[in-house]
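Accompanying notes for the structure given below.
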Protein chains: 2
Amino acid sequence: MTRGAPVTWTIAQIADDFGVTHRTVRHYEDLGLISPERRGTARIYRRRDRTRLALILRGRRIGFTLDEIRTIIDMYDAPRGQVAQLEYLLSQIGDRRADLEARRRDLDDALAELDSLEARCRDDLDKLDATASVG
Amino acid sequence: MTRGAPVTWTIAQIADDFGVTHRTVRHYEDLGLISPERRGTARIYRRRDRTRLALILRGRRIGFTLDEIRTIIDMYDAPRGQVAQLEYLLSQIGDRRADLEARRRDLDDALAELDSLEARCRDDLDKLDATASVG
DNA sequence: AGTTTCCTTTACGTTTACGTCAACGTCAAG
DNA sequence: CTTGACGTTGACGTAAACGTAAAGGAAACT
């Protein structure tokens, strides 16, 4: 008998799985970022909802607002079909990429500065060490 | 007569230079992120203040809160001298680096997904093109 | 002297992203 | 059948990061 991973989850389960509160999950639903099915009044979440939640949380970690995240998500499941649609989507992708790359440059700059700060620290430590040994 | 860049700036000048409002600059001062000198009641900003403002704005772009930014800035001009201080600072640097690297992973993941989305788009466009030519 | 321009502080308003009750439905266990 | 765990919908509260309006000081044209 095969008993794989569940196919549906409750709000408490996914909140727990993703390390957020159920309030947060419902908030994202209020903003239209997730739309789980309903069994009666209760929400039931499927794999697709988990994927979107993962997207949302990653966007949040990167520093996007929930509104920006919505436009990104919308981008991912925009109706692709006509040439005009596709070309619009491609331009959107270009914008997003430029944004992300700018952020990455900032990030790398910050990391480089951290490195040089660390180097100075180790230098200072070495000097203190030498002094201690000699004196 | 040499007329290089100014040595001091008013709040309006640096706000303009950095593309923020004077209200924002004063807000950062309220939070202790910048502390310009005073000439009477007026604020005068020097190069050091500009450096800090640049740090703050970059941190903001990366997605740090102003509180997190404060701890980072404090890190940069912490009193280095004793071994204990230096070692504490090194541990702080380690934490920050881990944080930044996690963010970069998220960023790279997002960029990779954008790439694959773009590839699918171009693929769809090619197919539509072929259909148009043949049909 | 009067007006403009730039600066100041004080203080309340706003948006985002939730937290936190309150009040109620529902389903399984005891 | 009640208790308890888990779910629901409002609705108000809050912290962060400013915006904005009010009221005024001080230098600098005119």
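Here is how names work: the chains are called A, B, and so on, in the same order as the sequence lines, proteins then strands, and each is numbered from 1.
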Q. Can you name the residues that form a side-chain contact (heavy atoms from CB on, under 4.5 Å) with Asp17(A), not counting sequence neighbours?
A. Trp9(A), Arg50(A)
Q | Thr24(A): side-chain contact (heavy atoms from CB on, under 4.5 Å) partners, not counting sequence neighbours | A |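 Expected list: Val20(A), Thr21(A), Tyr28(A), Arg60(A).
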Q | Separation of Gln85(B) CD from Arg80(B) CZ (nearest 0.5 Å) | A |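 Reported to 0.5 Å precision, the distance equals 10.0 Å.
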Q) Roughly how far, to the nearest 0.5 Å, is CD of Glu37(B) from CZ of Arg39(B)? A)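 Here the rounded value is 8.5 Å.
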Q.
Are more than 12 heavy atoms, taken from residues, nucleotides or ligands other than Tyr76(B), located less than 6.0 Å from that residue's OH atom?
A. yes
Q: Specify the residues of residues 16-40 of chain B, ordered by number, for which at least one heavy atom lies under 4.0 angstrom from an atom of DNA chain C.
A: Arg23(B), Arg26(B), Arg38(B)
Q) Of all of residues 51-72 of chain B, which get a heavy atom below 4.0 angstrom from DNA chain C, listed by number? A)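 Residues of residues 51-72 of chain B under 4.0 Å from DNA chain C: none.
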Q: Indicate yes or no for a side-chain donor-acceptor contact from Glu68(B) to the backbone of Thr65(B) under 3.5 Å, with no hydrogens or angles considered.
A: yes
I'd like to know if [X] and [Y] make a salt bridge, using a cut-off of under 4.0 Å between side-chain N and carboxylate O.
| X | Y | result |
| --- | --- | --- |
| Asp106(B) | Arg58(A) | no |
| Arg120(A) | Asp123(A) | no |
| Asp108(A) | Arg104(B) | yes |

Q | DNA chain C: 5'-most and 3'-most nucleotides touching chain B, 4.0 angstrom heavy-atom criterion | A | dC7(C) to dA11(C)
Q) So where does chain B start and stop touching DNA chain D, 5' to 3', when the test is distance under 4.0 Å to a non-hydrogen atom? A) dA17(D) to dT20(D)
